[in-house]
Amino acid sequence: MATRKRKVSVAKLPLQRQFAFSEQGRVFNLRAIFDKLNARYFRNRLKCYAIVWGRKRKTRPRDEIVFGTIQEDDRIIRIHPLLDRSIVPTWFVEYVIYHEMCHAVVADEYDSAGRRVVHHARFYERERRFHWFRRAKAWEEQNLGRFLQ
């Protein structure tokens, strides 16, 4: 008599959590930067956030690039891997991470049509508190072409 093996059912995490992306890049350690910013600007209120480098793409972006994203439901911040280069100043990577962290503490607003607005006056007010805000915005404008194809 042959014995049949039972199938074991295991709850799977959302797709994003199944991949093991690293906090440590070739140049920057995202966790160290996150922790520094969390202490300085957020009084360590941002708990249980993962911060990872995004996947490397086969081709570079053509027209625009998203340097960072936050997925609030899973508490994941992703930073574009093209920022993990020695030509990128530390304070620019800090700015990108700070921007994403601001999304965690500034509530979204809704316009008269009921559409969600994530970048609004209160968000920009909070974003401008970053010490190197003007410098980072100027560097981004001057160097955007380095990241596009």
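Reckoned from all heavy atoms, side chains included, excluding hydrogens, waters and symmetry mates. In this text, all values refer to a predicted model and were calculated from it rather than measured experimentally.
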Are side-chain heavy atoms of Ile76 and Arg78 found at a separation under 4.5 Å?
yes

For the residue pair Tyr98 and His131, establish whether any side-chain heavy-atom pair is separated by less than 4.5 Å.
no

Donor-acceptor pair, distance only, cut-off 3.5 Å: does the side chain of Arg75 make one with the backbone of Lys47?
yes

Shared ILVMFWY cluster between Val118 and Ile65, side chains joined below 4.5 angstrom?
no

Before you tell me yes or no, could you show the steps for His99 and Phe123 under ring pair (Phe, Tyr, Trp, His ring centres under 6.0 Å), namely the whole-Å CA-CA distance, both residues' side-chain angles and the distance that decides it to 0.1 Å?
CA-CA 9 Å; His99 175 97; Phe123 180 86; 5.0 Å; yes

Do Phe133 and Val105 sit in the same hydrophobic cluster, where Ile, Leu, Val, Met, Phe, Trp and Tyr count as joined when their side-chain heavy atoms come under 4.5 Å apart?
yes

Measure the spacing between CD1 of Ile70 and CD1 of Ile97 and express it to the nearest 0.5 Å.
11.5 Å

Can you tell if the side chain of Leu30 reaches within under 4.5 Å of the side chain of Trp53, non-hydrogen atoms only?
yes

Arg129, CZ: over 12 other non-hydrogen atoms inside 6.0 angstrom
yes

Output, in order, the C-alpha distance, side-chain angles, deciding distance and verdict of side-chain contact (heavy atoms from CB on, under 4.5 Å) for Trp139 and Tyr95.
CA-CA 11 Å; Trp139 190 90; Tyr95 162 70; over 6 Å; no

Should Val52 and Val66 be counted in the same cluster of Ile, Leu, Val, Met, Phe, Trp and Tyr side chains packed under 4.5 Å apart?
no

Over all atoms of both residues, closest heavy-atom pair of Ile33 and Glu94:
CG2-CG, 3.7 Å

I need the Asp74 CG to Cys48 SG distance, nearest 0.5 Å.
12.5 Å

With a 3.5 Å cut-off and no angle check, do the side chains of Gln71 and Tyr49 form a donor-acceptor pair?
no

What is the distance from atom CZ of Arg55 to atom NE2 of His80, rounded to the nearest 0.5 Å?
10.5 Å

For Asp84 against Gly25, the heavy-atom pair lying closest together
OD2-CA, 3.0 Å

Just wondering, are more than 12 heavy atoms of other shown residues or ligands nearer than 6.0 Å to CZ in Arg43?
no

Would you call Val27 and Arg85 a side-chain contact if the rule is heavy atoms closer than 4.5 Å?
no

Search all heavy atoms of Ile77 against all heavy atoms of Glu100 and return the closest pair with its distance.
CG2-CB, 3.9 Å

What are the two closest non-hydrogen atoms of Ala107 and His120, and how far apart are they?
O-NE2, 2.9 Å

Please determine if Glu140 and Lys137 form a salt bridge, counting it only when a charged side-chain N lies under 4.0 Å from a carboxylate O.
yes

Any heavy-atom pair between the side chains of Phe92 and Ile87 that's under 4.5 Å?
no

Asp108 side, atom CG; Glu72 side, atom CD - distance, nearest 0.5 Å
8.5 Å

Taking side-chain contact (heavy atoms from CB on, under 4.5 Å) as the criterion, tell me which of Phe130, Phe42, Tyr41 meets it with Cys102.
Phe42

Is it the case that one hydrophobic cluster holds both Tyr124 and Val117, taking links as side-chain heavy atoms less than 4.5 Å apart, direct or via other members?
no

Taking every non-hydrogen atom, the tightest pair across Phe28 and Leu83
CE1-O, 3.4 Å

Is there side-chain contact between Val88 and Phe147, with at least one heavy-atom pair below 4.5 Å?
yes

What I'd like to find out is whether the side chain of His103 reaches to under 4.5 Å of the side chain of His119, using heavy atoms alone.
yes

Between Ile79 and Gly68, what is the shortest heavy-atom contact and its length?
CD1-CA, 4.2 Å

